[in-house]
Amino acid sequence: MNEFGERLARYQGEIITSILETGAMLGWSLLAAVLIGLPVGTGMYLSRRGGPKERGWLYAGLNGFVNVVRSVPFLLFVVALIPFTRWAVGTSFGTTAAAVPLSFVAVALYARWAEQTLVEVPQATVELADSLGASTSQLVTRFLYPEARSGLVLSLTTVTISMISYSTIMGVVGGGGVGDFAIRYGYQRYEYDIMYVTIAVIVVIVMLIQAFGTRLSMALDHRSR
Amino acid sequence: MIEFDQVNKTFTQRSATGRGKSVHALHDISLSIDEAEIFGVVGESGSGKSTLLRLINALEAPTSGVVRVNGVDLAALRPAEKRLQRRRIGMIFQQFNLLANKTVAANVALPLSLHRRRGMPGSNSRASTEATGRGSAETSGRGAAATSGRGAPRERALEMLDFVNMGAHAAKHPAQLSGGEKQRVAIARALVNEPDILLCDEPTSSLDSQHTDEVMATLLRVRQEMDTSIVVVSHELEVIRGACDRAAILESGRLTGVVDIAAPEARERFNSYSERARRYLEGGQQ
Ligand SMILES: Nc1ncnc2c1ncn2[C@@H]1O[C@H](COP(=O)(O)OP(=O)(O)O)[C@@H](O)[C@H]1O
Ligand SMILES: [Mg+2]
């Protein structure tokens, strides 16, 4: 136990670094999810068959992108994306490079969630916006997002947690992060106790994120009360 | 002034199995609705009432024929002009269509914020009439409640809430209100832009009789104090008879007649639930 404590103290710096790396990968991919995934999901909602701005070609394009990104096995996707990653951030190795494929996945996941969440908004809300002479952008920002906001927060929470899971394999391109730390010490150096501690840290982080997301979502939801 | 001139409306319903089938929602409708009139439209479910109403604010376009509002042929308007037209026509719905995540006051202020942001003509008519000495016909024709609304959107919203006797509920969310209260909030929202026309699609069909009376009394006050033309669509004959001057009867999309409503006590009959209940229970005319 004493010996374990000593090792833990010795790795402290490395653990903190790996948490920061995970934070950076999550931060970039969630930023992409909100800035790109939400508009893509909104576009799918609007352009889908029977949607407020039906456009078959647009829906087919966005939907195809989301399906492709989501269906390629992630490890293959990371490798296949390397040329693009190198072009986009100048390198295919390291935390920033790891953020690129993660961002693609986050965009695709959140786009799908956002689409589904918006579909749940009652048709009456669209009817109201139409009757008030709202433009399409007003429909989205003044009517749909406010009514869907608790679902949008909840689904972003789900995406965040998925991204933690995806980020654990980013060691393959030198992305680092807590997952990589756990694999290196547990799998490669047989320091299982360190690995279990790291896993426990990840579990706690996931639980905190979920609790925060659930709370925020409930606070934003006035549909019954 | 609303005119329908030989209006037909056909929908093509897309079935899951492929080819669309046509539904003739309205056949050869001609009628005109006067200013400051409360006009009813009765008919069974599926008879085309909602479609007729939605033609008035250009949410639907006629398949043939012309719909004119204040002399303007709606089909000739470009999309942006149609949106502008809609902002001058209030609408309320059977299910109230309040935004659940906004407070009552924010719901009522919503149409104002759409206007301001776009800077559309008519959006700040209040400010401009003030600047020109308030001499326009629009201003002079209106009651105090409507014309005094010059302040910020929130003040204006509170004023409208007072008009529908919902001022005390401004900070609540819709889920905390009864159906009748929700509908009165919806009326406040529909009126916040001072529309010339108020369209009501089954406004009382999900309310019990007491709340129906409250809502209809509010509509009568709207007409009296704001000179708004009101079109009320309902399958409830009693509601139409109690509030309207005239009513069109629709059957399977055809207009089978427009009747003058003879209900001498129409004005006071919704004033109080107990009054009405007593009269009814003592054997008076329902
Ligand atoms: N958007 C639409 N697409 C296809 N059919 C429609 C549409 N709106 C209405 N209809 C059809 O038109 C007819 C009249 O509908 P509606 O005006 O809603 O009647 P009401 O309001 O009297 O119940 C119905 O047969 C209905 O199914
Ligand atoms: Mg209807």
Side-chain angles (χ1 to χ4, degrees), chain A residues 38 42 45-56 59-60 114 117-156 213-225, chain B residues 14 16 50 53-54 56-60 77 79-104 106-118 120 122-123 171-177 186 189-190 192-193 195 198-201:
Chain A
L38 183 58
T42 306
Y45 165 80
L46 292 172
S47 63
R48 72 206 298 269
R49 193 168 175 177
K53 288 278 168 219
E54 198 173 317
R55 299 275 186 285
Y59 186 79
T117 305
L118 292 172
V119 168
E120 303 285 308
V121 174
Q123 189 58 28
T125 301
V126 179
E127 194 182 9
L128 172 70
D130 279 342
S131 78
L132 292 176
S135 64
T136 305
S137 67
Q138 288 175 332
L139 166 70
V140 170
T141 59
R142 302 304 190 86
F143 296 82
L144 294 175
Y145 287 171
E147 287 298 275
R149 64 192 187 186
S150 64
L152 291 173
V153 165
L154 217 47
S155 48
L156 189 64
T214 306
R215 284 224 168 171
L216 182 60
S217 156
M218 279 168 63
L220 290 173
D221 189 0
H222 294 278
R223 280 173 295 185
S224 57
R225 240 187 305 157
Chain B
R14 274 188 310 206
S50 295
L53 205 63
R54 292 163 59 83
I56 298 172
N57 61 355
L59 287 175
E60 303 288 357
L77 299 177
E81 292 171 328
K82 273 190 190 150
R83 289 205 299 272
L84 185 57
Q85 181 80 28
R86 279 181 208 138
R87 293 172 187 198
R88 297 194 177 125
I89 300 177
M91 190 168 191
I92 62 172
F93 307 86
Q94 178 171 356
Q95 294 304 328
F96 327 120
N97 297 14
L98 299 177
L99 297 191
N101 286 334
K102 288 189 190 295
T103 63
V104 162
N107 264 283
V108 175
L110 186 63
L112 296 172
S113 72
L114 300 178
H115 282 221
R116 262 186 321 147
R117 199 162 121 180
R118 286 252 142 180
M120 288 276 198
S123 61
K172 289 185 181 170
H173 282 89
Q176 297 166 292
L177 305 179
R189 178 177 61 193
V192 77
N193 278 325
L198 178 61
L199 307 178
C200 311
D201 194 351

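Model, not experiment: these values are computed from the prediction. Throughout, protein chains are lettered first and strands after them, A, B, ... in sequence-line order, and every chain is numbered starting at 1.
- For R223(A) (side chain) and A100(B) (main-chain N/O), no donor-acceptor pair under 3.5 Å exists by modelled atom type.
- Taking each heavy atom of A175(B) and H222(A) in turn, the nearest pair found is CB-O, 3.8 Å.
- Contacts between N97(B) and chain A at a heavy-atom distance below 4.5 Å involve backbone atoms as well as side-chain atoms.
- A distance-only check finds a donor-acceptor pair linking the side chain of Q138(A) to the backbone of L114(B) [under 3.5 Å].
- In this structure the side chain of R54(B) reaches within 4.5 angstrom of the side chain of E127(A), judged on heavy atoms.
- The shortest non-hydrogen separation linking S113(B) to R142(A) is OG-NH1, 2.7 Å.
- When every heavy atom of L132(A) is checked against every heavy atom of P111(B), the shortest pair comes out as CD2-CG, 3.9 Å.
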Next item on the list: Starting from the C-alpha separation in whole Å, work towards a yes-or-no answer on side chain to side chain contact (heavy atoms under 4.5 Å, CB included) for L99(B) and T125(A).
Entry: CA-CA 7 Å; L99(B) 297 191; T125(A) 301; 3.7 Å; yes
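- Across every non-hydrogen atom of N57(B) and S131(A), the tightest pair is ND2-CB, 4.2 Å.
- Neither the backbone nor the side chain of L199(B) has a heavy atom closer than 4.5 Å to any heavy atom of chain A.
- Between the CG atom of D130(A) and the CD atom of E60(B) there is a distance of 9.5 Å, given to the nearest 0.5 Å.
- One finds the OG1 atom of T136(A) at 6.5 Å from the CZ atom of R83(B) (value rounded to the nearest 0.5 Å).
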